[in-house]
Amino acid sequence: MPASADFSARVYAVVARIPRGRVTTYGRIARTIGDPRGARMVGWALMGAVGAVDLPAHRVVNRNGELTGGWYFGHPDIMRARLLEEGIPFSDDYTVDLRQCVWDPWEDGDEPPVLDVVSPLGPDG
DNA sequence: GCCTTGACGGCAA
DNA sequence: GTTGCCGCCAAGG
C-alpha cells in the first residue's frame with residue numbers, strides 16, 4: 001500500500017465534507033490533512049477521483065477560484081454546470097466567487113475536523 | 001537514474 | 001493588482 005494511497009484517502013475524506021453550494025481550495029484541503037505544502041499533491045490525488053470515486057471533486061478549485069481541473073471532467077463546461085447547479089456564484093466564466101462560497105473544513109471550530117479516515121499510524125507516523 | 005510535467009501556493013519585486 | 005520565481009512531491013518519458 002503506497003503512502004500516496006493514504007494521502008488520497010484523506011483528500012477524499014475532506015472533499016466529501018464539502019457542503020453543497022460551497023467550494024474549497026487545494027491549499028485548504030492540504031492544510032486540513034496536515035500537509036500545508038501538499039496543495040499540488042491534492043490535485044494529483046483528485047485526478048483519479050474523477051470517474052473513479054463518487055466525490056464532489058468539482059467543488060475544488062484553486063486559490064483564485066479558477067476551474068483549473070475542468071478538463072478532467074471532459075470539458076470545463078461540465079464542471080461549471082455542476083457548480084451552477086448547486087447555485088455557486090461565478091465572478092467569471094470559469095472562475096467562482098470564492099468570497100461568497102469558499103468553505104473552510106474547520107470553519108465551525110478552532111481545530112481541524114476529525115477525518116472519516118483513521119490512520120493506524122497516527123499523525124506522526 | 002535524470003529531466004520534465006503537473007487540478008498549487010507563498011513570497012518578493 | 002500583476003508578474004516572476006521557487007518549493008513541493010509523484011508520475012511519466
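The sequence lines fix the lettering, A, B, ..., with proteins before strands; numbering per chain opens at 1.
- If you measure from atom CG of A:D6 to atom P of C:dC9, you get 16 Å, rounded to the nearest angstrom.
- Residue A:I29 contributes atom CD1, which lies 16 Å from atom P of B:dA7 at whole-angstrom precision.
- Contact check, A:T25 against B:dC8: no side-chain N or O comes under 4.0 Å of OP1 or OP2.
- Rounded to whole Å, the distance from CE on A:M41 to C1' on B:dG6 is 9 Å.
- The minimum heavy-atom distance between A:Y26 and A:A39, with the atom names listed, is CB-O, 3.7 Å.
- Taking the side chain of A:M79 as heavy atoms from C-beta on, and the options C:dA10, B:dA7, B:dC11, the nearest nucleotide is B:dA7.
- Among the nucleotides B:dC8, B:dG10, B:dG6, the one closest to the side chain of A:A39 is B:dC8.
- For the salt bridge (charged side-chain N to carboxylate O under 4.0 Å, His left out) with A:D104, the lone residue among A:R17, A:R31, A:R28 that qualifies is A:R28.
- Under the 4.5 Å side-chain criterion, counting only non-hydrogen atoms from C-beta, A:R37 is in contact with A:D35.
- At whole-Å resolution of the value, OH in A:Y26 and P in C:dG7 are 24 Å apart.
- Contact of the A:L67 side chain with the A:V61 side chain is registered, since non-hydrogen atoms from C-beta on lie closer than 4.5 Å.
- C:dG1 atom C1' lies 15 Å from atom CZ of A:R99, rounded to whole Å.
- Across A:T25 and A:N62, no two heavy atoms sit closer than the pair CG2-O, 3.5 Å.
- Atom CZ of A:R28 and atom P of B:dG10 are 9 Å apart (whole Å).
- Residue contacts for A:R37: at a heavy-atom cut-off of 4.0 Å it reaches the sugar-phosphate backbone alone, with no base atom in range.
- The distance between atom CG of A:L83 and atom P of B:dA7, rounded to the nearest whole Å, is 18 Å.
- What separates CE of A:M47 from P of B:dG6 is a distance of 9 Å, to the nearest Å.
- In this structure, A:A45 reaches neither bases nor backbone, as no heavy-atom distance under 4.0 Å exists between it and the strands shown.
- Nearest nucleotide to the side chain of A:N62, out of B:dG10, B:dA7, B:dG9: B:dG9.
- Checked by distance alone, A:R40 brings a side-chain donor or acceptor within 3.5 Å of a matching partner on the base of B:dG6.
- Nucleic acid contact class of A:V50 (heavy atoms, under 4.0 Å, all strands): base.
- Checking B:dA7, B:dG9, C:dA11 against the side-chain heavy atoms of A:W44 singles out C:dA11 as nearest.
- Below the 3.5 angstrom threshold, one finds no donor paired with an acceptor across the side chain of A:Y72 and the base of B:dA7.
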